[in-house]
Amino acid sequence: MVMALVSAGCGSAARPQSPSGDSAQEQQKLLVWDWKSGEPAAADYIEKAKADFAKRHPGLTVEFVAQPFDQYYTLLGTAIQAGKGPDVMLFNGGGQIRDRVDALLPLDQYVAEDKSRLAGWDAFSKDGKTYAAPVTLQGHPIYYNKALYEKAGLDPADPPKTWDEFVSGCAAVKKATGATCFALGNKEGAGIQFFLSGLGSGVLTPQEYDDWIAGKRDWTSPHVRRIFELWKEAGDKGLNNDGANSTAMFTDIFRVFETGKAAHIIGLMSDVGHWKDFGEFLPPDKIGVMQAPVVTDGATPSLPYDGGIGYAVAKWTKDPALAADLVRSLTSTDALTAFYAKAGAIASDTTIDFAQAGPAVAAIASEIKTGRPALHVALSSKTLDLMGRLSQQLLSGSTTVDKVVEQLAASDRAS
Amino acid sequence: MPIESPSRLVRPAGSGRAGAATVTHRGRRRDARRGRAERIAPYVLVAPAVLIIVGLRLWPLVLGVNFSFTGDGELNGTPVGLSNYLELAGDPLFRTSLRNVGLLVLLLPVAVAIPGLLATFIYLRVPGHRVYRSVYFFPAVLSPVIVGAIFNLLLGYDGPLNALLGTVGVGPVDWLGDPGVAMFTVVGVHIWATFGMALVVFLAGFSTLDASLLDAARVDGASLRRTIWHVIIPSLTRTIQFVFVTTMIGMLTSMFGLLFVMTNGGPEGSTYLPEFYIWHQQGQMNQPALASAASTVLFVVMLVVGLLQITLLRRSGRQD
């Protein structure tokens with residue numbers, strides 16, 4: 001029997017897509033799936049969005065169903081296979097939505113007006129079509145602890161511009177306070193992703209950076225190699241906290257930074273590990289955001305960020321215009337302002353005034369215009385998985401930079 | 001066929017040969033019908049059980065094996081022959097996971113010896129044995145997630161255990177971050193969390209132990225070590241074998257929770273087990289067909305291990 005199966009394996013492990021249901025029926029209710037609406041911090045946001053939608057479409061009910069995030073895409077996968085489910089749904093930008101665009105409605109004709117007001121569209125686009133409107137932006141600013149800078153006699157208002165300055169500054173901080181340079185949590189292998197994206201713009205030339213994002217990644221470039229050398233150097237020279245390979249990025253390492261045991265952390269902009277999170281322990285005026293230190297002459301540091309989460313419309317929804325209108329309400333300035341203020345997220349709306357939340361947010365907001373997509377987001381999940389393991393080997397010294405770059409290049413080519 | 005005999009047993013008294021002489025034509029037909037019904041009855045009765053086994057166990061198994069010969073992603077649904085298995089063979093991560101299964105088998109004697117030894121002490125009534133009996137069982141009621149979270153804190157690089165080691169001058173050990181140590185750490189925690197069950201089984205075994213043998217040993221002046229080696233272990237052979245089998249199954253099938261919480265397969269992929277690999281490929285990498293192939297390999301491994309264990313148990317059963 002095994003032989004028969006070997007030669008004739010049939011069916012498919014993942015169910016093929018089935019066509020969607022009927023349409024052209026009076027829509028009475030819109031169903032929304034996400035993992036955010038259940039959180040108390042998002043209540044205001046949902047309320048504002050609902051109110052905005054009700055103003056334009058009175059008498060229509062909108063039901064939000066908050067799914068647990070760890071099962072979200074599994075549940076969504078089932079709905080997509082069945083060809084029915086929510087009309088509007090939340091997505092992470094990048095691979096998660098691009099893998100599922102077959103089930104989604106292109107929104108370009110509906111959201112044209114919002115294009116310039118919101119940032120982060122690229123993460124929700126594929127082949128020139130937009131499939132979701134961004135709600136938040138996610139990226140990797142380098143945060144630093146100004147209090148530690150002061151203690152070490154460094155100017156907190158003028159963070160280091162080059163890698164050499166950065167490393168000597170770290171030495172001063174270490175000497176004065178005992179704090180390490182980086183707070184690094186690489187247990188899940190996520191540390192290298194943050195490192196690559198956080199520092200990449202200071203190492204790659206602008207041309208290399210654009211090529212990388214466009215998919216023309218030259219793994220033989222000395223600058224790409226340099227990023228992994230820096231990673232290894234940081235480990236070898238003791239710039240990282242001890243036990244980086246056994247410290248979880250989510251969320252143990254953020255505590256290390258908050259409690260002043262490390263001077264820098266490459267963190268996030270939204271959800272967790274960001275300015276608002278750190279603000280619980282560090283006063284907002286003691287948290288700084290710096291640009292990537294320049295390693296290569298000619299590199300132009302920029303904020304690496306992409307669209308974080310965004311709402312999309314299912315192909316099977318009965319009235320696409322109506323569902324798209326709900327997406328517009330969910331990305332209205334009012335709603336997004338509430339989301340940013342309560343949930344601690346850099347909302348996608350560029351017209352929001354972020355200044356009152358402290359200098360760190362203001363610094364991030366000012367860089368959004370010049371920011372570019374994060375380097376690691378361009379890699380496939382398979383390559384990222386491999387990179388996580390290889391980065392742990394680099395830290396423990398059981399492999400070399402050459403071998404790592406070689407393996408990553410092979411994995412990147414294959415996917 | 002055994003199926004024939006119950007039907008004869010359930011035949012009602014009136015349908016026996018005694019009445020055969022007076023049977024009419026109609027009666028004979030009714031008799032034949034009843035005979036057929038009786039022949040069918042056992043099949044009908046076992047049908048639900050068979051259908052459940054076939055429908056919910058064997059059919060999914062066949063489907064899973066079948067899917068392992070199809071592709072992922074763009075090749076979804078197309079037969080790809082053995083390529084998934086070749087990919088597994090070439091994947092260092094999967095090889096590590098199989099090697100770790102081997103490591104578990106090697107560590108099995110330790111996992112059995114610990115509850116065995118502790119049960120012996122309790123049986124020999126060391127001071128405070130009543131307290132120990134419940135204390136030892138306590139971790140067995142905790143979920144692996146809770147156990148993992150507790151030990152994550154204890155074994156952190158800057159955690160209390162390393163602080164304790166520091167006070168006696170032993171350098172900090174990266175319990176969960178050193179690829180050479182992490183697997184042993186997780187197995188150690190697993191043993192800690194589950195040996196309570198094996199301990200109970202051992203205690204039950206002890207209750208069948210002939211006390212006069214122990215008394216005789218004591219009268220002869222045998223030391224504790226000799227008593228354990230020459231009296232207790234031989235008398236408990238069957239219990240020990242049973243604990244071996246159940247511990248083995250527990251190690252191979254229920255480490256997922258601990259791995260997930262404590263190491264997430266790392267560092268450097270050193271704590272992968274096939275189960276974790278399957279979950280990772282299916283849930284994280286979106287490669288269900290490759291995961292099916294890995295499941296099939298795990299199934300074969302478990303089948304071999306299971307058959308070996310059955311043989312072992314059967315042989316010990318014959319000895320009695």
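A note on names: the letters A, B, ... follow the listed sequences, proteins ahead of strands, and every chain is numbered from 1.
Counting all heavy atoms, side chain and backbone alike, Q287(B) lies closest to K382(A) at NE2-NZ, 3.5 Å. Between S246(A) and L176(B) the shortest heavy-atom distance is CB-C, 3.7 Å. The two residues K187(A) and T263(B) come nearest to each other via the heavy atoms CE-CA, 3.9 Å.
Residue contact with chain B, scored on non-hydrogen atoms closer than 4.5 Å, is absent for T399(A). Neither the backbone nor the side chain of N162(B) comes within less than 4.5 Å of any heavy atom in chain A. There is no contact between Q282(B) and chain A, counting heavy-atom distances below 4.5 Å. Contacts between L93(B) and chain A at a heavy-atom distance below 4.5 Å involve the side chain alone, from C-beta outward.
For chain B, the option among D242(A), N241(A), N186(A) with the highest count of heavy-atom pairs below 4.5 Å is D242(A). For the set P179(B), G177(B), G266(B), the count of heavy-atom pairs under 4.5 angstrom toward chain A peaks at G177(B). Taking chain B as the reference chain and counting heavy-atom pairs below 4.5 Å, the highest number among S380(A), S381(A), S391(A) is found for S381(A).
Interatomic distance, CG of L395(A) versus CD of E268(B), reported as 8.5 Å (0.5 Å rounding). Interatomic distance, N152(B) CG to D252(A) CG, rounded to the nearest 0.5 Å: 7.5 Å. Atom-to-atom distance recorded for N245(A):CG and Y157(B):OH is 11.0 Å, nearest 0.5 angstrom.
Heavy atoms from other residues, nucleotides or ligands lying under 6.0 Å from NZ of K174(A) number more than 12. Y85(B) OH: more than 12 foreign heavy atoms inside a 6.0 Å radius. Atom CZ of F184(B) has 12 or fewer neighbouring heavy atoms from other residues, nucleotides or ligands inside a 6.0 Å radius.
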